[in-house]
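Down below is the structure, laid out as structure tokens.
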Amino acid sequence: MLKLFNTLTGRQEVFEPIEPKKVRMYVCGVTVYDYCHIGHARSALVFDVLRRYLESCGYNVTFVKNFTDVDDKIIKRANEQRVSCDAITTKYIQAYHEDMGKLGIRVATEEPKATEHIADIIQLTERLVAKSLAYAVEGDVYFEVANYSEYGRLSKRRLEDLQAGARVDVDERKRHPMDFALWKSSKPGEPAWESPWGAGRPGWHIECSAMSMQHLGETFDIHGGGMDLIFPHHENEIAQSCGATGKEFARYWVHNGFVQVNQEKMSKSLGNFFTIREIFEKSEWSEEVMGEILRYFLLSTHYHGPLDFSDQALKEAKNALNGFYDLFGRLAEPGVGTMPNPSLTQAIERSRVGFTSAMDDDLNTPVAIAVLQGLRSDVNKMVDKGLSIEGRKEARQEFRLLGESLGLFQADTWQFGSAIAETLPINLDGTATVRLVLNESDIERMLIERREARNRKDFQRADEIRKSLAAQGVIIEDKPDGTSRWKR
RNA sequence: GGCGCCGUACCCAAGUGGUAAGGGAGCAGUCUGCAAAACUGCGAUGCAGCGGUUCGAACCCGCUCGGCGCCUCCA
């Protein structure tokens with residue numbers, strides 16, 4: 001039974017969907033005017049894992065994640081670069097998919113864009129105006145917080161407290177400093193759509209209300225996003241949606257903590273952020289390996305807490321993951337083991353129970369990973385004792401199965417990169433191509449030579465080969481039968 | 001000023017009333033021609049500090065110290 005921490009109630013609650021076996025969830029995506037950093041990756045990953053886990057529990061999940069593709073920052077960026085807004089958003093949406101794809105984050109069921117829902121947004125705004133929850137001033141339309149009695153319910157703030165912190169440059173046309181724009185009149189040269197209030201564009205918060213309703217209905221199960229969206233974005237979404245429909249909006253509100261650098265929030269304004277692509281570009285490991293390292297790292301802390309990003313943390317994640325892939329290597333080898341499998345069956349059963357109860361406990365991925373580490377240790381012992389071929393296959397399959405929710409252990413083997421790679425600064429788009437200097441057949445050839453050397457007890461030559469490969473990042477492990485395996 | 005979070009071993013990190021999971025790093029041993037991997041063992045009598053409640057507290061309460069977030073665009 002899955003329990004989730006619900007920001008709305010401030011408690012952990014048992015998750016029960018509106019319709020049995022069906023989950024409808026909406027997650028706030030990104031404003032597409034720049035490349036994503038690890039903070040964005042964490043958020044995307046947390047909800048990807050939630051979705052995967054729900055699916056593994058047998059739910060049919062409709063997962064909607066939006067792109068904000070009309071916004072001040074986009075307009076600014078477009079003007080700076082003298083291109084259209086459309087060019088900017090198209091570019092960064094594509095980049096989003098590339099980056100998140102490398103992290104194994106699956107595309108959502110629906111990925112709507114604000115600009116595709118202008119009619120819905122206008123309609124929703126009209127509903128709010130008709131209910132006296134919004135008012136129009138000179139082509140702008142504002143939500144009137146004073147007329148919505150439950151304003152502050154999500155963020156646990158009172159309107160009076162908010163006034164104290166309100167900005168100085170309050171628009172005089174607003175009836176209350178906290179009133180926020182549903183519709184903005186547009187200046188010349190800005191993207192604009194016709195509306196009952198003249199040419200304009202939507203405010204930020206209204207798009208999510210409109211799109212979630214359109215794709216999931218007026219009431220749905222889970223709404224997620226980063227902690228920083230609680231106020232004002234999600235607070236405003238609730239006001240707009242509940243205000244318009246008079247119904248409950250989302251039932252469970254789930255928010256992930258920040259990625260930090262040196263204990264400080266990673267953010268554009270502080271300039272202490274690392275983009276996802278930058279991390280992949282600087283990585284000394286292959287894309288596939290780096291993606292899994294990042295995933296492991298991001299899931300090694302509970303999603304609700306802060307997470308400090310550092311090279312050392314990545315290195316530790318990589319080392320931890322090495323243990324799993326070393327085991328998978330052993331499991332893949334032909335062997336003559338005959339050990340019966342009852343103890344394996346028991347270990348697997350234990351792990352399933354442990355894994356499920358960890359994930360059920362508000363997606364406690366650190367504990368879930370600890371359970372997998374436990375299974376790794378158990379299986380290693382069994383392999384030492386001579387686990388049968390069938391047992392090895394079963395064990396590998398089990399890691400794949402349990403790892404699926406976390407998106408781990410899906411690769412067959414790890415191919416490490418660039419200790420032995422060279423960078424060729426060529427391409428048209430300015431990026432570089434990394435090419436391996438040593439290919440697999442080179443390595444195999446050297447291993448054969450070394451094996452021959454060892455057979456004639458020429459250990460000096462054997463060690464030379466070992467050293468030479470090691471210098472290029474290839475590590476040799478000798479097996480009892482006289483053959484060797486290698487890894488990077 | 002208002003609201004809120006965090007402080008667990010060298011590092012990361014679970015645990016939120018019943019006597020400190022897991023990982024990384026390290027050390028020692030077994031195995032190995034050597035090595036790697038694996039296995040075995042070692043590692044916080046204590047959970048920022050000080051008080052209090054309790055038979056019992058890392059977990060509850062109070063105070064203090066240190067770090068951070070939101071209130072403005074932000075995953």
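Each chain gets a letter, A, B and so on, in the order its sequence line appears, and its residues count up from 1. Note that these values count all heavy atoms, side chains included, but never hydrogens, waters or copies made by symmetry.
- Distances shorter than 4.0 Å separate none of the side-chain N or O atoms of A:Lys156 from OP1 or OP2 on B:C70.
- For the pair A:Met359 CE and B:G22 C1', the computed distance is 16 Å after rounding to whole Å.
- Using a 4.0 Å heavy-atom distance criterion, A:Asn256 is classed as a base contact.
- Both A:Gln460 and A:Asn262 lie near RNA chain B, and the one whose nearest nucleotide falls closer to the 5' end is A:Gln460.
- Judged by distance alone with a 3.5 Å cut-off, no donor-acceptor contact links the side chain of A:Asp308 to the base of B:C12.
- Between the CD atom of A:Glu316 and the P atom of B:G26 there is a distance of 11 Å, given to the nearest Å.
- Nucleotides B:G69 and B:A57, compared at atom P, are 35 Å apart to the nearest Å.
- A:Lys487 has its side chain within reach of A:Asp326: a pair of non-hydrogen atoms, C-beta onward, lies under 4.5 Å apart.
- Across all strands shown, A:Arg376 has heavy atoms under 4.0 Å from sugar-phosphate atoms exclusively, and none from any base.
- Atom-to-atom, NZ of A:Lys318 to P of B:A25 comes out at 10 Å; the value is rounded to the nearest Å.
- Counting only heavy atoms from C-beta on, A:Gln373 has its side chain closest to B:G22 among B:G22, B:A37, B:A14.
- When distances run from any side-chain atom of A:Ala370 to the nucleotides B:A25, B:G22, B:G67, the shortest one goes to B:G22.
- As rounded to whole Å, 12 Å separates atom P of B:U72 from atom CD of A:Glu235.
- Proximity note for A:Lys381 (side chain, C-beta onward) versus B:A38, B:A37, B:U40: the nearest is B:U40.
- Using a 4.0 Å heavy-atom distance criterion, A:Ile476 is classed as a base contact.
- In terms of phosphate contacts, A:Ser300 brings no side-chain nitrogen or oxygen within less than 4.0 Å of OP1 or OP2 of B:C12.
- Heavy atoms of A:Arg485 sit nowhere under 4.0 angstrom from any nucleic acid atom.
- For B:G46, there is no paired base (Watson-Crick or G-U wobble, both distances below 3.5 Å).
- Counting distance only, with no hydrogens placed and no angle test, the side-chain atoms of A:Asp463 and the base atoms of B:G33 include a donor-acceptor pair under 3.5 Å.
- Here B:A35 is the nucleotide among B:A75, B:A35, B:G24 with the atom lying nearest to any side-chain atom of A:Arg466.
- Here B:C73 is the nucleotide among B:C71, B:C34, B:C73 with the atom lying nearest to any side-chain atom of A:Lys73.
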Worked check of ring-ring contact (aromatic ring centres under 6.0 Å, His included) between A:His223 and A:His255: CA-CA 9 Å; A:His223 194 130; A:His255 293 99; 7.8 Å; no
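- Across the protein-nucleic acid pair, A:Leu331 atom CG and B:A37 atom C1' stand 13 Å apart, rounded to whole Å.
- With B:G24, B:C34, B:A37 as the candidates, the nucleotide lying closest to the side chain of A:Ala320 is B:G24.
- The side chain of A:Asp478 sits closest to B:A35 out of B:C71, B:A75, B:A35.
- Rounded to a whole angstrom, the distance from the P atom of B:G49 to that of B:A58 is 11 Å.
- Where A:Asp361 and A:Asn380 meet RNA chain B, the nucleotide closest to each residue was compared, and A:Asp361 sits on the side nearer the 5' end.
- Comparing the same atom, P, in B:U30 and in B:A35 gives a spacing of 12 Å after rounding to whole Å.
- Among the protein residues, A:Met266 comes within range of the nucleic acid bases, having at least one heavy atom under 4.0 Å from a base atom.
- If you check every strand for non-hydrogen atoms under 4.0 Å, A:His233 touches nothing.
- On the C1' atoms, B:C50 is 25 Å away from B:G4, given to the nearest whole Å.
- When the C1' atom is compared between B:C11 and B:G7, the two are found 15 Å apart, to the nearest whole Å.
- Residue A:Ser300 comes nearest to A:Phe297 through the heavy atom pair OG-O, 2.7 Å, listed as atom of the first residue, atom of the second, then distance.
- Minimum heavy-atom separation, A:Arg52 to A:Gly407: NH1-CA, 3.6 Å.
- Residue-level contact check: A:Val259 touches the bases, meaning some heavy atom is under 4.0 Å from a base atom.
- A cation-pi contact links A:Arg376 to A:Phe324, judged by a cut-off of 6.0 Å to the six-membered ring centre and 45° from its axis.
- In a base pair of the Watson-Crick type (N1 to N3 plus N6-O4 or O6-N4) or a G-U wobble (N1-O2 and O6-N3), with each distance short of 3.5 Å, B:C27 is matched with B:G41.
- Contact between the side-chain N/O atoms of A:Lys315 and the OP1/OP2 oxygens of B:A25 is not found at any separation under 4.0 Å.
- A:Gly29 comes within contact range of the sugar-phosphate backbone alone, with a heavy-atom separation under 4.0 Å but no base atom that close.
- Between A:Arg396 and A:Tyr325, the shortest heavy-atom contact is NH2-CE2, 4.5 Å.
- Across all strands shown, A:Gly39 has heavy atoms under 4.0 Å from base atoms, whether or not it also approaches the sugar-phosphate.
- Across all strands shown, B:A13 forms no Watson-Crick or G-U wobble pair with both key distances under 3.5 Å.
- Heavy atoms of A:Arg42 sit nowhere under 4.0 angstrom from any nucleic acid atom.
- A gap of 16 Å separates the P atoms of B:G51 and B:G56, to the nearest Å.
- Both distances falling under 3.5 Å, in either a Watson-Crick or a G-U wobble arrangement, occur for no nucleotide opposite B:C34.
- Taking atom P in both B:C39 and B:U45, one finds a spacing of 27 Å when rounded to whole Å.
- Pairing each heavy atom of A:Leu54 with each of A:Val23, the nearest pair is CD1-CG1, 3.9 Å.
- Across all strands, A:Phe258 comes closer than 4.0 Å to base atoms (heavy-atom distances).
- Side-chain rings of A:Tyr96 and A:Phe67 approach one another, their centers coming within less than 6.0 Å.
- With both ends at atom C1', the span from B:A14 to B:A21 equals 6 Å, rounded to whole Å.
- Classification of the A:His233-A:His205 ring pair by plane angle, with boundaries at 30° and 60°, yields tilted.
- Close to B:A25, at under 4.0 Å from its OP1 or OP2, lies a side-chain N or O of A:Asn319.
- Atom CZ of residue A:Arg450 and atom CD1 of residue A:Ile476 lie 4.5 Å apart, to the nearest 0.5 angstrom.
- Regarding A:His304, its NE2 atom lies at a distance of 12 Å from the C1' atom of B:G69, rounded to whole Å.
- Contact between the side-chain N/O atoms of A:Asn364 and the OP1/OP2 oxygens of B:G15 is found at a separation under 4.0 Å.
- Checking B:A75, B:G33, B:A14 against the side-chain heavy atoms of A:Ala462 singles out B:G33 as nearest.
- Distances were taken from every side-chain heavy atom of A:Gln312 (C-beta onward) to each of B:G23, B:C73, B:C11; the shortest belongs to B:C11.
- Remark: the A:Arg158 side chain and the B:G2 base include no donor-acceptor N/O pair separated by less than 3.5 Å.
- Pair assignment for B:C55: B:G18, on the basis of Watson-Crick or G-U wobble contacts that are both within less than 3.5 Å.
- Pairing partner, B:C68: B:G4, with both Watson-Crick or wobble hydrogen-bond distances short of 3.5 Å.
- For A:Glu264, the listed nucleotide lying nearest its side chain is B:C68; candidates were B:A75, B:C68, B:C34.
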